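These notes concern the structure reproduced below.
As the structure is a computational prediction, the values presented were derived from the model and not from experiment. Just so it is clear: chains get the letters A, B, ... in the order the sequence lines come, proteins before strands, and each one is counted from 1.
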There are 2 protein chains.
Amino acid sequence: MVIPMGSLTFIGMGLYDEKGISLRGLEVARSAHTVMLEGYTNLMPGLKPEALEALIGRKPVLLGRKAVEDGREILSAAEGHDVAFLVAGDPFIATTHVDLRMRAARRGIRVEVVNAPSIISVAPGAAGLQNYKFGKSATITFPPPHSDVPYDTLRMNRAAGLHTLFFLDLRVEEGRFMTINEAIGLLLDAEGRRGEGAFGAGTLAVGIARAGGPEQLVRAGTADALLKADFGKPPHALIVPGRLHFMEADALVEFAGADGKLVRGNE
Amino acid sequence: MVIPMGSLTFIGMGLYDEKGISLRGLEVARSAHTVMLEGYTNLMPGLKPEALEALIGRKPVLLGRKAVEDGREILSAAEGHDVAFLVAGDPFIATTHVDLRMRAARRGIRVEVVNAPSIISVAPGAAGLQNYKFGKSATITFPPPHSDVPYDTLRMNRAAGLHTLFFLDLRVEEGRFMTINEAIGLLLDAEGRRGEGAFGAGTLAVGIARAGGPEQLVRAGTADALLKADFGKPPHALIVPGRLHFMEADALVEFAGADGKLVRGNE
């Protein structure tokens, strides 16, 4: 039996640009034999490949969806050498990374992780909403088909007074990114089909564009108002709040331009 | 009216040591007029004050709980100068930070944020559990009083097949940190009082110690087994899984030493 001499370190880069990497992440990337960069699970709106290259001191090998899902190129490299694998956000939020980690472990490759900010903590914080008041999250995907999962999740959370964080579908390789407007349109469609009163034109919602970067935009208002608002470039995320603590209501007014009367109605 | 010339930037440092700060965070801290460090909301087990000082190029002003909750020292400094405020984890997970941000905004102080890894994304990832399968999270606090919130949260989540992430109480200034063993003991106590079958000696649980650092330890087993396991130094966190996807079950075996039969029973 051959004992692998290499290692695979998953390094998160956060949400915006190359400066979202941690000092530990940069250290590991600089000393690795091979640096690979995943180019599809998430969009980092400020990432400049040449700036990343200058930072690390070499050109990362760019991997598309097929290469990451297949995994063999990464695992073969990591059997003989130290490989730094750069990913957007925090690693292991994507199932593909968990799968890759498992396959590496089974081959006897040493696996390490360097964490980074994730939309999961950044979006609630940006809106001033309290983490422990969020229920299950869900992804709103491009139809067809029209998935009922987002609506069911929202209904369940709202019944318990909880907030819901929605990730919006993005297909980086096709250049398709769901906007907050489309996401709200799809929730209104689902309400039309289901009619269970979990979401309507007057429901308070919070749109978050380009979370975690200098061009972050957070706006709270009725679904109807957000349907028409321009949030600019992707990526976008959406929160539908449940019952608000008075401090959360104040935060939505102060940080997200919410109407005072609207948020008081959700307290 | 005097328009403040300063700013307040909340900078997350992640979960382990000074190398968890992002490149952007370090840049902002180095160029700030004043650097303040919050010393109580979370424990960063590897943080060495002298290493942080060497990195930033000056000694941060260390603030205890009272100074942060009071906030006046921070806000006064930020009215005239650029203040970098370093916090453990990702900012705005703590309510105190949201309150401080709101007060700064009301005084006309420019507020910026530099994000960092949070236990909210790191713990699920470390266990190989899928984020969108988590329900509401809760904190298990030191009694007295015995809070019913953790048990109620668990009962609700398990009924929906969802995982539950528990933050464990820590009182940094008193040097008290709840262990995974104590947390499990408190959930078993709650089951004894309530008897609704949400948690028992045979329930699958996952203990995570020192998440996000090189000494991270993740162990899955029955409540009974974890009650006696030694997880070492704080901080600790606990996950009680709901229904497992087969890939999650595999991950718990592979990354957390779970018994194959035990996790199959939760699929």
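Most heavy-atom pairs under 4.5 Å with chain A, from the set B/G212, B/S22, B/A138: that is B/S22. Contacts with chain B were tallied for A/F92, A/F167, A/F255; A/F255 has the most, counting heavy-atom pairs under 4.5 Å. Contacts with chain A were tallied for B/N131, B/T153, B/T139; B/N131 has the most, counting heavy-atom pairs under 4.5 Å. Comparing A/H245, A/H163, A/R106 by how many heavy-atom pairs each has under 4.5 Å with chain B, the most go to A/R106. Contact count versus chain A (heavy atoms, under 4.5 Å) is highest, among B/V114, B/D17, B/I93, for B/D17. Note: A/I120 leads A/V98, A/I120, A/L129, A/L165 in heavy-atom pairs under 4.5 Å with chain B. Taking chain B as the reference chain and counting heavy-atom pairs below 4.5 Å, the highest number among A/P214, A/A116, A/G135, A/A211 is found for A/A116. The most heavy-atom pairs under 4.5 Å with chain A, out of B/G25, B/A126, B/G128, come from B/A126. Counting heavy-atom pairs under 4.5 Å between each of A/L162, A/V111, A/I119 and chain B puts A/L162 at the top.
Every residue two or more places apart in sequence or in another chain that forms a side-chain hydrogen bond (donor to acceptor under 3.5 Å, both in side chains) with B/D90 is listed here: A/S121, B/N115.
Looking at B/L217 and B/I208, their side chains never come closer than 4.5 Å, going by heavy atoms from C-beta outward.
Ion pairing between a basic and an acidic side chain is recognised when a charged N comes within 4.0 Å of a carboxylate O; B/E53 and B/R58 show no such pairing. The residues B/E267 and B/R264 are annotated as salt-bridged, a charged nitrogen and a carboxylate oxygen being separated by less than 4.0 angstrom. A salt bridge links B/E27 with A/K19: at least one charged nitrogen is closer than 4.0 Å to a carboxylate oxygen.
Residue B/M156 touches chain A through its side chain alone, counting heavy-atom pairs closer than 4.5 Å. Only the side chain of B/L55 comes within less than 4.5 Å of a heavy atom in chain A; its backbone stays farther off. For B/V113, no part lies near chain A; criterion is any non-hydrogen pair under 4.5 Å. Contacts between B/N157 and chain A at a heavy-atom distance below 4.5 Å are absent for every atom of the residue. Contact annotation for B/Y132: both backbone and side-chain heavy atoms come within less than 4.5 Å of a heavy atom of chain A.
Cation-pi geometry between B/R101 and B/F10 is not met: the NZ or CZ atom fails to fall both under 6.0 Å from the ring centre and inside 45° of the normal.
No side-chain donor-acceptor contact under 3.5 Å links B/Y16 and B/Q216.
Side-chain atoms of A/R158 come within 3.5 Å of backbone atoms of A/A198 as a donor-acceptor pair (strictly under, hydrogens ignored).
Every pair passing salt bridge (charged side-chain N to carboxylate O under 4.0 Å, His left out) that includes a residue from residues 121-134 of chain A is listed here, sequence neighbours excluded: A/K133-A/E248.
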